[in-house]
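Below you'll find the structure, written out as structure tokens, and then a few comments.
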Amino acid sequence: MTTIYDLTFNELEEYLVNKGLKPFRAKQIFKWLYEKRIHSFEEMSDISKSLIDELKKDFSFEEFKEKRRQVSKDGTIKFLFELNDGTLIETVLMVFDYGYSACISSQVGCNMGCKFCASGLLKKQRDLSVGEIVLQVLSLQRHLDKTNERLDNIVVMGTGEPFDNYDNVLKALSIINSPYGLEIGARHISISTCGLAPKIRQFANEKVQYNLAISLHSANNELRNELMPINKAYNLEELMDALEYYSSLNNRRLTFEYLLIKDLNNSSKDADDLAHYLKGKNAYINLIPYNEVKENPYHSTSDEETLAFYDMLKKRGLAVTLRVKRGVDIDAACGQLRAKEIKND
Ligand code: SAH
């Protein structure tokens, strides 16, 4: 059954109009769901009993079961949620000096097969529904409600490839972004993709203001083929073509995520390749320290190596930031908690 959280604002309006009702009811219902964050239809006190009965007939009122929670010393909290069909997903709440950020999943498992990633250890079981994506954000906001705090940022960087579940992710973000929904500003929302070029083009045409991040990890086709199978479908040149198309329609700076893996992608040749690839682009590189995954053969770089690579990029004139490791004491790498839980079951 469709849950009430599956409906975008426009879809809810359409539903109401089809029932011969006034579309403004959609605003009232959205406010109950996302501003007041109620737990049942009955709490919608300015909605008529007959409409509540209709809603109950047509939609369920789903909530997640929290299966496990890990709290890191740095304040990061990783939630393992159990969905209706018993599958598990991870959602992470991070605390930064600029506020709270939610890292949400888009799929149960992932099929992209990146060699370094824990999520890929478990193949994709299914896409998340619109409601399941929205409920991750709502659940974290409910957690923050207890201390009267607010989520500031959303990053679609958890398990899954968001552009492999394109429609549901974009619908969910429209609810999260809606002024009647969770009202998180588009510029506070980021989507991270491993590089599905056709979807980048489609996304460019949406003209939405969300940030786009690309998991690059190497600017050399040979190495990227080895690390990320998606590169065999859309190589660096095709990826850049799609990104240039995006940039031609959106005046937004691109983020390139670059994981640092010891002895693999942090040489001065790698820095040269990167500088060449991004020359003249409105972009910056976010260097990410690698979180080691037991099942994978890769290692993180030492702090010295990380800083050395950062300097190499700076010297080559690139805009670069260094991401601080979060939640290293709590299996922070995407999919680690879930993979562990499923193995133990
Ligand atoms: N599929 C999307 C979003 C999920 S992955 C994408 O590829 O962008 C989110 C980010 O986490 C990606 O940049 C990914 O490469 C990175 N990542 C995966 N495994 C990691 C690990 N063990 N340590 C650090 N970052 C990791």
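Atoms within each ligand, like the ligands themselves, are counted from 1 in listed order.
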**Message:** Can you confirm if the aromatic rings of Tyr34 and Tyr180 lie within a centre distance of less than 6.0 Å?
**Reply:** no

**Request:** Classify the contact between His217 and ligand 1 as side chain, backbone, both or neither, using a heavy-atom distance cut-off of under 4.0 Å.
**Result:** side chain

**Message:** Could you tell me, atom by atom, which parts of ligand 1 come under 4.0 Å of a heavy atom of Cys194?
**Reply:** 6 (C), 7 (O), 8 (O)

**Asked** Using 30° and 60° as the class limits, which term best fits the ring planes of Tyr246 and Phe203: parallel, tilted or perpendicular?
**Response** parallel

**Fill in**
Note: Glu257, heavy atoms under 4.0 Å from ligand 1, region reported as side chain

**Message:** Heavy atom to atom 4 (C) of ligand 1, shortest distance: which of Ser106, Gly158, Ala118, Ser192 holds it?
**Reply:** Gly158

**Prompt:** Taking atom 22 (N) of ligand 1 as the point of reference, which of Val155, Ile104, Asn291 owns the nearest heavy atom?
**Reply:** Asn291

**Asked** Do Met228 and Phe116 have side chains that get closer than 4.5 Å, going by heavy atoms?
**Response** yes

Can I get a per-line list of side-chain donor-acceptor pairs under 3.5 Å for residues 309-319, giving both atom names and the distance, sequence neighbours left out?
{"residue": "Arg316", "atom": "NE", "partner": "Asp272", "partner atom": "OD1", "Å": "2.7"}
{"residue": "Arg316", "atom": "NH1", "partner": "Met312", "partner atom": "O", "Å": "2.9"}
{"residue": "Arg316", "atom": "NH2", "partner": "Asp272", "partner atom": "OD1", "Å": "3.1"}

**Prompt:** Is ligand 1 under 4.0 Å from a heavy atom in the side chain of Val293, in the backbone, in both, or in neither?
**Reply:** side chain

**Prompt:** Is any side-chain heavy atom of Asp6 less than 4.5 Å from a side-chain heavy atom of Val134?
**Reply:** no

**Request:** Number the atoms of ligand 1 from 1 as they appear, then name those within less than 4.0 Å of a heavy atom of Gly160, with their elements.
**Result:** 1 (N), 2 (C), 3 (C), 4 (C)

**Asked** With a cut-off of under 6.0 Å to the ring centre and 45° to the axis, is Arg69 in cation-pi contact with Phe79?
**Response** no

**Message:** Using a 4.0 Å cutoff against the non-hydrogen atoms of Ser215, which atoms of ligand 1 qualify?
**Reply:** 6 (C), 7 (O), 8 (O), 12 (C), 13 (O), 15 (O)

**Asked** Which ligand 1 atoms are under 4.0 Å away from a heavy-atom of Cys117?
**Response** 18 (C), 19 (N)

**Prompt:** Under a 4.0 Å heavy-atom limit, does Leu259 contact ligand 1 with its side chain, its backbone, both, or neither?
**Reply:** side chain

**Message:** Tell me whether the NZ or CZ atom of Lys56 lies within the 45° cone about the ring axis of Phe41 and under 6.0 Å from its centre.
**Reply:** no

**Request:** Would you check whether Tyr290 has a nitrogen or oxygen atom less than 3.5 angstrom from a nitrogen or oxygen atom of ligand 1?
**Result:** no

**Asked** When rounded to the nearest 0.5 angstrom, what is the spacing between OH in Tyr258 and OG1 in Thr321?
**Response** 14.5 Å

